[in-house]
Amino acid sequence: MSHKVDKIVIQHKWWLKELKDYKINNNYLLIGSARFERNWILKYLQILPKDKIEKTNKIKIVYMSANSINHIDYDYLKEETIKYLASNNKIILKYKPHPRTNKLYRSLPNNVENVYKVNSLNLIKWADIIIGDISSIMIDVLIMNKLYISLKYLRHDHNELLYEYYNSCTKFDKIESFKKYINNIPNNKINDYFANEINKYSDGKKEFLKDVVFNNSNNVVKEYLDLL
């Protein structure tokens with residue numbers, strides 16, 4: 001299609017690198033993602049309808065799934081992860097299928113709620129930890145300053161996410177180290193604990209948002225307006 005259009009808009013350099021494997025014309029522009037423009041995010045959060053999610057003193061975790069089982073390589077490890085979290089008495093786990101399909105691709109333990117009707121941003125606000133396979137919703141997690149855990153052990157070693165490359169999230173190469181991390185979360189001063197954990201990847205998060213999401217632009221929306 002690239003030879004049938006006047007311009008191609010590409011959000012960041014890594015996407016361009018992927019497209020370079022194909023034959024595209026050279027009349028392209030690198031512009032960031034208007035979806036995550038800060039003023040729009042603030043406005044969206046103001047008008048977002050509220051969902052009723054129960055209050056709890058337990059550690060609140062939302063697992064946000066990809067829209068295809070093919071986005072991970074080791075599905076049996078994902079199943080083991082979900083069963084482990086569901087059986088942990090200090091955790092309440094909710095499972096969010098990708099809204100593009102709303103498909104589960106698996107059966108859930110009885111105590112894990114399928115929150116396919118709940119808005120993703122409300123789930124992010126509610127949660128202490130967001131676990132995600134692969135989705136741009138994790139950008140919202142970073143922008144809303146919540147702890148995003150990427151389970152690298154679900155994928156082959158060479159399948160590294162940009163979130164991981166920029167050290168913008170907490171990641172685990174082994175399921176054993178993930179379980180140890182969860183088991184060692186203290187039962188008191190939870191807010192202070194997670195604030196400290198989030199702070200560990202603050203520099204990587206800033207670099208990721210600047211380089212990938214906004215493409216070093218101070219005003220992504222203005223760049224789109226100038227293009228139009």
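Heavy atoms only: backbone and side chains are in, while hydrogens, waters and symmetry mates are out. Note that the structure is predicted; figures quoted are calculated from it, not measured.
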Examine the side chains of T81 and Y153 and answer whether a donor and an acceptor come within less than 3.5 Å of each other. yes

Tell me whether R35 is salt-bridged to D140, with the criterion being a basic N under 4.0 Å from an acidic carboxylate O. yes

Do the non-hydrogen side-chain atoms of H156 and Y74 ever get within less than 4.5 Å of each other? yes

Strictly below 4.0 Å, N to O, side chains only: are K83 and E79 in salt-bridge contact? yes

Is a side-chain donor-acceptor pair under 3.5 Å present for Y224 with E37? no

Residues 105-116 vs side chain to side chain donor-acceptor pair (under 3.5 Å), sequence neighbours excluded, gives D75-R106, K94-E113

For a 4.5 angstrom cut-off between non-hydrogen side-chain atoms, does K13 reach D211? yes

Does one side chain, of S150 or R155, offer a donor that lies under 3.5 Å from an acceptor on the other? yes

For K58 and T56, the nearest pair of non-hydrogen atoms, with its separation, is N-OG1, 3.0 Å

We want to know whether D133 and Y63 form a side-chain donor-acceptor pair, criterion being a heavy-atom distance below 3.5 angstrom. yes

Whichever hydrophobic residues join L228 through chains of side-chain contacts under 4.5 Å: none

Closer than 4.0 angstrom, basic N to acidic O: yes or no for K200 and E197? yes

Which heavy atom in L93 sits nearest to a heavy atom in A86, and how many Å separate them? CD2-N, 4.3 Å

Side chains of W126 and D51 in contact at under 4.5 Å (non-hydrogen atoms): no

Given 3.5 Å as the limit, does a donor-acceptor pair link the side chain of K90 with the main chain of N183, or not? yes

Side chain to side chain contact (heavy atoms under 4.5 Å, CB included) evaluation trace for L121 with I137: CA-CA 8 Å; L121 294 190; I137 193 65; 4.2 Å; yes

The residue among Y148, Y201, W14 that forms ring-ring contact (aromatic ring centres under 6.0 Å, His included) with Y163 is Y148

Looking at side-chain heavy atoms only, is the closest gap between I131 and F178 below 4.5 Å? yes

Just so I know, are the side chains of I129 and I185 near enough to count as touching, which here means a heavy-atom distance under 4.5 Å? yes

